[in-house]
Amino acid sequence: DVVMTQSPLSLPVTLGQPASISCRSSQSLVHSDGNTYLNWFQQRPGQSPRRLIYTVSNRDSGVPDRFSGSGSGTAFTLKISRVEAEDVGVYYCLQHTHWPPTFGQGTKVEIK
Amino acid sequence: EVQLVQSGGGLVQPGGSLKLSCAASGFTFSGSTIHWVRQASGKGLEWVGRIRSKANNYATAYAASVEGRFTISRDDSINTAYLQMNSLKTDDTAVYYCIRDSSWLMFFDYWGQGTLVTVSS
């Protein structure tokens, strides 16, 4: 199985400041169709995960534009340009290029 | 509006069985794959298994940790998927989510609210 490694696992951030989460895969996530199937999810306390980003950099409907995704191959990043109080939670990357789909361990974002 | 509404969780003894349901609305359920993912308390997300559509022969696949004990099924006439869990172990204690997969781009875009399964004597 593809191993997804996130860092850091805990990220204290000051309100209004940027935040960045890294996700690395144990093999390239480029599919034979040319797409890279790397998604990002946000899980607020007590809620179900919510998809934020699909295929590396595409924001889902309703996701604020302060969230952005980037990367290629085996290295990916989720950035929050200015952290707001509602961004507190755990963020997960997921790959589904290779079977089975696998998640990163999660990064807990909290306010300093 | 896409919705996945789950039911059926609860407390069960080790070795027991439980069946979870996932009722879908707002999209073409019969053409979609449904996955199940679980999350132990304070832990990360673990893929459990999936069932594909009739066009894909209702093919199922499972994580090694549940293979042979869990069975995923579906009833397209009532837009509902199921997770039958047998020979339950304490390690199966978790919140279980059902999730939509309607295409490569609509992969895991909608999640159920989750249902808690507690395996304890």
Side-chain angles (χ1 to χ4, degrees), chain A residues 1-10 21 23 29-63 69 89-110, chain B residues 1-7 9 20 22-24 26-27 32-52 56 59-67 70 72 94-116:
Chain A
D1 297 0
V2 175
V3 177
M4 305 297 288
T5 303
Q6 290 183 226
S7 62
L9 299 183
S10 178
I21 300 169
C23 176
L29 299 186
V30 180
H31 192 273
S32 56
D33 67 6
N35 289 313
T36 299
Y37 295 108
L38 185 285
N39 297 347
W40 288 96
F41 297 83
Q42 174 195 61
Q43 187 175 32
R44 291 171 171 154
Q47 295 187 11
S48 300
R50 164 199 181 196
R51 196 178 75 171
L52 298 176
I53 302 284
Y54 61 97
T55 54
V56 180
S57 59
N58 295 281
R59 267 191 311 275
D60 273 283
S61 176
V63 174
V90 182
Y91 292 78
Y92 296 92
C93 60
L94 163 80
Q95 72 80 27
H96 64 104
T97 294
H98 303 285
W99 188 260
T102 48
F103 291 93
Q105 319 97 299
T107 295
K108 185 174 184 179
V109 172
E110 57 185 8
Chain B
E1 179 193 7
V2 173
Q3 284 194 313
L4 296 168
V5 178
Q6 298 181 229
S7 59
L20 308 184
C22 173
F27 65 100
S32 299
T33 294
I34 297 295
H35 296 252
W36 291 87
V37 163
R38 68 184 180 182
Q39 184 174 39
S41 180
K43 302 297 184 183
L45 300 166
E46 178 190 14
W47 179 80
V48 171
R50 63 94 165 117
I51 184 166
R52 299 187 74 183
N56 292 287
T60 55
Y62 302 94
S65 57
V66 306
E67 180 83 55
F70 288 13
I72 301 173
V95 174
Y96 286 74
Y97 297 98
C98 64
I99 311 162
R100 180 179 89 156
D101 166 14
S102 294
S103 72
W104 280 97
L105 297 184
M106 293 190 283
F107 188 89
F108 283 29
D109 58 348
Y110 285 92
W111 295 55
Q113 84 276 18
T115 186
L116 177 61

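Letters go in sequence order (proteins before strands), and every chain restarts at 1. Keep in mind that the numbers below use all heavy atoms, side chains included, and drop hydrogens, waters and symmetry copies.
- In this structure, chain A has no heavy atom under 4.5 Å from any part of B/Val95.
- Most heavy-atom pairs under 4.5 Å with chain A, from the set B/Val37, B/Asp101, B/Asp109, B/Ile99: that is B/Asp109.
- Here CG of A/Asn35 is found 6.5 Å from CG of B/Leu105. Values are rounded to the nearest 0.5 Å.
- Contacts of A/Gln47 with chain B are made by backbone atoms alone, with heavy-atom separations under 4.5 Å and no side-chain atom involved.
- The two atoms that bring A/Ser48 and B/Gly114 nearest to each other are OG-N, 4.2 Å, heavy atoms only.
- With values rounded to the nearest 0.5 angstrom, B/Gln39 atom CD is found 9.0 Å from A/Phe103 atom CZ.
- Rounding to the nearest 0.5 Å places CZ of B/Phe108 at 9.0 Å from CG of A/Asn39.
- Ring pair A/His96/B/Trp104 is parallel by interplanar angle, where below 30° counts as parallel and above 60° as perpendicular.
- The OG1 atom of A/Thr55 sits 13.0 Å away from the CZ atom of B/Phe107 when rounded to the nearest 0.5 Å.
- The contact between B/Tyr97 and chain A is made entirely by side chain atoms (from C-beta outward), counting heavy-atom distances below 4.5 Å.
- Between A/Tyr92 and B/Gly44, the shortest heavy-atom contact is OH-CA, 3.7 Å.
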